[in-house]
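The chain is numbered in sequence order, starting from 1.
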Amino acid sequence: MSAVDEEKVVEATCCCASCGKPEVDDVKLKICTACKLVKYCSTDQKNHRSQHKKACKKRAAELRENRLFTQPDESHLGECPICCLPLPLDYTKWTMNTCCCKRICLGCDHANKKREYEQRLEYKCAYCREPMPTSQEEIDQNYMERVKANDPVAIYNMGEKCYEEGDYGGAFHYYTKATELGNIQAHFFLSLMYYKGEGVEKDMKKQSYHLEEAAIGGHPDARYNLGIFEKKNTRIERAAKHFIIASKLGLDDALEQVKTLFSWGAVSKEDFEAALRGHQAALDATKSKQRDESYECFQQFSN
C-alpha cells in the first residue's frame, strides 16, 4: 500500500464511511473487521455494504495473504514453561502431564525426577507440583477437569482420544471447540477430517481454511502440506515460500523440498542459504545441556 493510500485509509477510518460522521467522544465508530479499511457508526455498515463490498473483499484477501506468508516467531508448540526454550518438533522429546496439561521438555522433566529421586521426594509434576496420577482412572479424571476448565490442550487431547477410538463425531466436536479457544493443532486435524470426510462431509474450502489457520499459527506440518498442494498445482513460487517458512521452524522435510526447488532453479541462492541458516537456528534454539543429558538417559533406558 502506497503512502497516499495509507493517508486515505487513515482519513477514512476517522469518520463513518456511510454518513461521514466523525469519531468524537459521544460517537464511537466500529471498524470493518474484514478489511480494516473503514469505520461505521450504528447500523450504517449494512446501508453502505453494496458500495464497500468490492474494496472490502480485495483488502481482506490482501490481509489474509500477508498473514499466511508471515514467518511465525515460533512453532505451534511454543516454549517449555520451565526453561523457556522452544520445544522440539520431535514429540518424543517433551512430555505433558494431565494435571495441568502443560508441555514440558524432557530436560526439565528429567531434572525434576532426578531431584526427587536424590532427595527421596514424592513424584510430582515439574510444573504445577501436583502428585502424579497412578491409574488410568485418575488420568481420565484429570483430563475431564481440565476440559471443564476450558483448557484448549485438554479439549484437543479429548478430540484426539475420540479420533483414535473411531468416534469421529466426538473428535469433530472437541477439535472444533479447541480451535475456538485458539488451539493450532486442532485446526490441523480439522483440516484432515474435512479432507477425508471423517465425521463431516468433505469440504475443500473448510479444509483449506483450517490448514491455513494452522500454518499461520506456526504448525510446520500444515505449512508443509500447503507447500505440497501448491507444488502439485505448479504454483512453485508459493510452494517455495511455504517450504522456506516451515524450514525456518525446524522441519527437516520442508528443507529437503527447498533443496529440490533450489536444484530446479526455483529458489534463489540467497533464499536457500536463509532457509539453511533458519533451519539450523531453529534446531539450535531447542538444545541445552540439560536436554542432552535427558536424551542420553532415555536412550540408555530404551536399550
Asker: Go through the structure and list residues passing side-chain contact (heavy atoms from CB on, under 4.5 Å) with Ala186, not counting sequence neighbours.
Answerer: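 Ala186 satisfies side-chain contact (heavy atoms from CB on, under 4.5 Å) with Tyr156, Tyr175, Ala178, Thr179, Asn183 only.
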Asker: Going only through I, L, V, M, F, W and Y residues with side-chain contacts under 4.5 Å, is there a path from Leu211 to Met193?
Answerer: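 Hydrophobic grouping puts Leu211 with Met193.
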Asker: Looking at every non-hydrogen atom in both residues, tell me the closest pair between Glu79 and Leu87 and how far apart they are.
Answerer: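 Shortest heavy-atom contact: C-CG, 3.9 Å.
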Asker: Do the side chains of Ile228 and Leu251 join up, straight or via other hydrophobic residues, at under 4.5 Å, putting them in one cluster?
Answerer: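 Yes, one cluster joins them.
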Asker: Give the C-alpha distance, both sets of side-chain angles, the deciding distance and a yes or no for side-chain contact (heavy atoms from CB on, under 4.5 Å) between Lys161 and Asn157.
Answerer: CA-CA 6 Å; Lys161 182 175 183 292; Asn157 285 338; over 6 Å; no
Asker: Kindly determine whether Glu65 and Arg238 satisfy salt bridge (charged side-chain N to carboxylate O under 4.0 Å, His left out), including the steps that lead there.
Answerer: CA-CA 11 Å; Glu65 192 80 350; Arg238 292 175 66 85; 2.3 Å; yes
Asker: Could you report the tightest heavy-atom contact between Glu122 and Pro131, atom names first, then the distance?
Answerer: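 Looks like OE2-CB, 3.5 Å.
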Asker: Can you list, by chain and residue number, the hydrophobic cluster partners of Leu106 when the side-chain cut-off is 4.5 Å?
Answerer: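 Answer for Leu106: Tyr295.
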Asker: Is there a chain of hydrophobic side chains (I, L, V, M, F, W, Y, each step under 4.5 Å between heavy atoms) that links Ile244 to Phe229?
Answerer: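 No; tracing contacts between hydrophobic side chains, which count when under 4.5 Å, never links both residues.
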Asker: Under 6.0 Å from the CD atom of Gln119, do we count more than 12 heavy atoms belonging to anything else shown?
Answerer: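 More than 12 within 6.0 Å, yes.
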Asker: Taking 4.0 angstrom as the limit, do Lys113 and Glu116 come out as a salt bridge?
Answerer: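 So Lys113 does not pair with Glu116 through a salt bridge.
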Asker: Kindly indicate, with the supporting measurements, whether the criterion side-chain contact (heavy atoms from CB on, under 4.5 Å) is fulfilled by Gln290 and Leu85.
Answerer: CA-CA 11 Å; Gln290 189 169 270; Leu85 294 177; over 6 Å; no
Asker: Please check if any side-chain donor atom of Gln207 sits under 3.5 Å from a side-chain acceptor atom of Lys202, or the reverse.
Answerer: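 Side chains of Gln207 and Lys202: no pair found under 3.5 Å.
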Asker: Checking the side chain of Arg223 only, and the main-chain atoms of Ala215 only, is there a donor and an acceptor separated by less than 3.5 Å?
Answerer: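 Checked: pair present.
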Asker: Same cluster or not: are Tyr168 and Tyr174 linked, directly or through other Ile, Leu, Val, Met, Phe, Trp or Tyr residues, by side-chain heavy atoms under 4.5 angstrom apart?
Answerer: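 Tyr168 and Tyr174: separate clusters.
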Asker: Closer than 4.0 angstrom, basic N to acidic O: yes or no for Glu213 and Arg64?
Answerer: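 Answer for the salt bridge query: yes.
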Asker: For Glu237, look at atom CD and say whether over 12 heavy atoms of other residues, nucleotides or ligands are found less than 6.0 Å away.
Answerer: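 12 or below, so no.
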Asker: Run the side-chain contact (heavy atoms from CB on, under 4.5 Å) check on Ser75 and His219 step by step: do they pass?
Answerer: CA-CA 6 Å; Ser75 82; His219 199 299; over 6 Å; no
Asker: If you count the non-hydrogen atoms of other residues, nucleotides and ligands that lie under 6.0 Å from CG in Asp73, is the total more than 12?
Answerer: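 No, CG of Asp73 has 12 or fewer neighbouring heavy atoms, counting only those of other groups under 6.0 Å.
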Asker: Looking at Asn150 and Leu181, what are the two nearest heavy atoms and their distance?
Answerer: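 It is O-CD1, 3.5 Å.
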Asker: Do Glu180 and Lys177 pass the salt bridge (charged side-chain N to carboxylate O under 4.0 Å, His left out) test, and can you show the C-alpha distance, the side-chain angles, and the key distance before you say yes or no?
Answerer: CA-CA 5 Å; Glu180 293 170 354; Lys177 187 174 181 181; over 6 Å; no
Asker: Is the shortest side-chain N to carboxylate O distance from Asp284 to Lys287 below 4.0 Å?
Answerer: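 Salt bridge: yes.
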Asker: Output, in order, the C-alpha distance, side-chain angles, deciding distance and verdict of salt bridge (charged side-chain N to carboxylate O under 4.0 Å, His left out) for Glu256 and Lys259.
Answerer: CA-CA 5 Å; Glu256 290 303 314; Lys259 290 179 181 177; 3.4 Å; yes
Asker: What pairs meet the ring-ring contact (aromatic ring centres under 6.0 Å, His included) rule with one or both residues in residues 53-72, with sequence neighbours excluded?
Answerer: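 Passing the test, one end in residues 53-72: Phe69-His242.
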Asker: Report yes or no: do Asn66 and Glu62 form a side-chain donor-acceptor pair below 3.5 Å?
Answerer: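 Result is no, nothing qualifies.
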Asker: Say whether, by atom type as modelled, one donor and one acceptor occur between the side chain of Asp167 and the main chain of Tyr163 under 3.5 angstrom.
Answerer: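 Pair absent, no side-chain N/O of Asp167 close to backbone of Tyr163.
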Asker: Identify the heavy atoms of Ile82 and Ala126 that sit nearest to each other, and give their distance.
Answerer: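 For Ile82 and Ala126, the tightest heavy-atom pair comes out as CD1-O, 3.5 Å.
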Asker: Considering non-hydrogen atoms only, spot the tightest contact between Ala154 and Arg146 and give its length.
Answerer: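 Scanning both residues, the minimum pair turns out to be CB-CB, 3.4 Å.
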Asker: Could you check whether any side-chain N or O of Asp109 sits under 3.5 Å from a backbone N or O of Cys125, counting only pairs where one atom can act as donor and the other as acceptor?
Answerer: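 Judged by distance alone, no pair lies under 3.5 Å.
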Asker: For a quick check under 3.5 Å, do Arg103 and Asn97 share a side-chain donor-acceptor pair by atom type?
Answerer: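 Checked: Arg103/Asn97 side chains show no N/O donor-acceptor pair below 3.5 Å.
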Asker: Would you find a donor on one side and an acceptor on the other, under 3.5 Å apart, between the side chain of Trp94 and the backbone of Pro88?
Answerer: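 Such a contact is found between Trp94 side chain and Pro88 backbone.
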Asker: Report yes or no: do Leu276 and Tyr224 belong to one cluster of Ile/Leu/Val/Met/Phe/Trp/Tyr joined by side chain heavy-atom distances under 4.5 Å?
Answerer: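 Shared cluster, yes.
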Asker: Are any of the side-chain nitrogens in Glu212 or Arg67 under 4.0 Å away from the carboxylate oxygens of its partner?
Answerer: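 No, Glu212 and Arg67 are not salt-bridged.
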Asker: Donor-acceptor check, side chain of Gln71 to backbone of Ile245, threshold 3.5 angstrom: yes or no?
Answerer: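 Pair found, side chain donor or acceptor close to backbone of Ile245.
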Asker: When the ring planes of Phe262 and Phe272 are compared, do they come out parallel, tilted or perpendicular, using 30° and 60° as the limits?
Answerer: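 Phe262 and Phe272: parallel rings.
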Asker: Where do Tyr194 and His210 land on the side-chain contact (heavy atoms from CB on, under 4.5 Å) test, with the steps shown first?
Answerer: CA-CA 9 Å; Tyr194 276 115; His210 286 291; 3.7 Å; yes
Asker: Should the pair Tyr91 and His76 be assigned to parallel (<30°), tilted (30 to 60°) or perpendicular (>60°) ring geometry?
Answerer: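 Plane angle between 30° and 60°, so tilted.
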